[in-house]
S.K.: 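Quick one: structure below, then a few questions.
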Amino acid sequence: MGRKKSYDRASLIDAAMALFRAHGFAGTSTAMLVEHLGVNRNSMYAEFGSKQGLFDAVVGAYETSVLTGHFGPLEAEGSGLEEVRALFRRLAAAAAGPARGTGCLLCNAAIELGGTAAPSERVFVPKYLERIRGAIAGALENARRRGELRGGVEVDIEASYLSASVLGMFVLIRAAASPAHIEATAEGACRHLDALAAAPAE
């Protein structure tokens with residue numbers, strides 16, 4: 001019978017997530033992981049195979065928990081303009097919260113790794129970008145079908161523009177920009193959404 005593990009996998013992933021989010025992939029050394037996770041190097045490698053394997057596990061957990069918290073409401077059936085507005089309000093609120101100075105793990109990783117990414121990153125980066133754009137596009141398309149968008153609005157173009165605004169806000173949060181700056185950015189996005197809305201029926 002094998003020796004019982006003295007650690008919990010999910011707890012290790014959560015602890016590693018905080019390190020990668022704060023310091024990036026390259027800036028998080030194996031020594032930092034071993035110290036912060038409270039396990040020895042052999043145990044970490046036995047569980048995840050490598051630092052890259054641990055990072056891949058962190059990405060999966062982050063997609064399920066944090067990203068779903070942000071984008072799940074937009075991906076739900078029946079979402080619309082209000083869910084997109086709520087996304088920008090949530091990001092504005094994050095300006096003064098625990099994410100200040102750390103931002104979004106996957107946005108940070110996409111910027112850090114760029115074209116040098118390992119095969120796993122070359123999968124998750126476009127998947128991440130498409131999830132944001134697709135969530136917004138889905139909500140806008142729902143609104144269009146219900147007649148809530150004015151005529152001539154091109155959903156794909158607007159979704160690309162608004163998803164770039166979301167990514168810009170993640171960068172501002174990472175850079176610890178002033179909450180007023182981030183709140184004004186969110187307000188600008190919400191006003192843009194108001195301009196896309198159809199005029200109320202008389």
S.K.: Looking at N108 and T102, what are the two nearest heavy atoms and their distance?
M.R.: ND2-O, 2.6 Å

S.K.: Return the minimal non-hydrogen interatomic distance between Y62 and L106, and the atom names on each side.
M.R.: CD2-CG, 3.9 Å

S.K.: Under the side-chain hydrogen bond (donor to acceptor under 3.5 Å, both in side chains) definition, can you give me all pairs with a residue in residues 156-182, not counting sequence neighbours?
M.R.: E158-H192

S.K.: Could you check whether atom CZ of R145 has more than 12 heavy atoms from other residues, nucleotides or ligands sitting under 6.0 Å from it?
M.R.: yes

S.K.: Using the six-membered ring of F20, assess whether NZ or CZ of K51 lies under 6.0 Å from its centre and within 45 degrees of the ring axis.
M.R.: no

S.K.: For the side chain of R150 and the backbone of A197, is there at least one donor-acceptor N/O pair under 3.5 Å apart?
M.R.: no

S.K.: Without swapping roles, check the side chain of S43 against the backbone of V39 for a donor-acceptor pair under 3.5 Å.
M.R.: no

S.K.: Between L54 and L37, is a side chain to side chain contact (heavy atoms under 4.5 Å, CB included) present by the stated rule, with each step listed?
M.R.: CA-CA 11 Å; L54 173 56; L37 272 58; 4.2 Å; yes

S.K.: Partners of R41 by salt bridge (charged side-chain N to carboxylate O under 4.0 Å, His left out), sequence neighbours excluded?
M.R.: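 Salt bridge (charged side-chain N to carboxylate O under 4.0 Å, His left out) list for R41, sorted by chain: empty.
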
S.K.: So that I can tick it off, tell me whether R89 and E187 are bridged by a salt bridge, with the cut-off set at under 4.0 angstrom between side-chain N and carboxylate O.
M.R.: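 No, E187 and R89 are not salt-bridged.
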
S.K.: Any chance you could lay out the side chain to side chain contact (heavy atoms under 4.5 Å, CB included) test for D56 and F124, step after step, and finish with the verdict?
M.R.: CA-CA 9 Å; D56 292 345; F124 86 69; 5.6 Å; no

S.K.: Taking only Lys NZ, Arg NE, NH1 and NH2, and the carboxylate oxygens of Asp or Glu, determine whether K127 and E130 approach each other closer than 4.0 Å.
M.R.: no

S.K.: Considering only NZ, NE, NH1 and NH2 on the basic side and carboxylate oxygens on the acidic side, decide whether R144 and E148 come within less than 4.0 Å.
M.R.: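 A salt bridge is absent here (no side-chain N lies under 4.0 Å from a carboxylate O).
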
S.K.: Kindly indicate, with the supporting measurements, whether the criterion side chain to side chain contact (heavy atoms under 4.5 Å, CB included) is fulfilled by T68 and R131.
M.R.: CA-CA 10 Å; T68 296; R131 182 174 188 185; 3.1 Å; yes

S.K.: Can you tell me how far SG of C107 sits from CE of M169, rounded to the nearest 0.5 angstrom?
M.R.: 12.0 Å

S.K.: Where is the tightest heavy-atom contact between S79 and P73, given as atom of each residue plus distance?
M.R.: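 Shortest heavy-atom contact: CB-O, 3.3 Å.
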
S.K.: Identify the heavy atoms of C104 and L67 that sit nearest to each other, and give their distance.
M.R.: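 Nearest heavy atoms, C104 then L67: SG-CD2, 4.4 Å.
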
S.K.: Yes or no on side chain to side chain contact (heavy atoms under 4.5 Å, CB included) for V171 and I111, after CA distance, side-chain angles and deciding distance?
M.R.: CA-CA 9 Å; V171 172; I111 293 168; 3.8 Å; yes

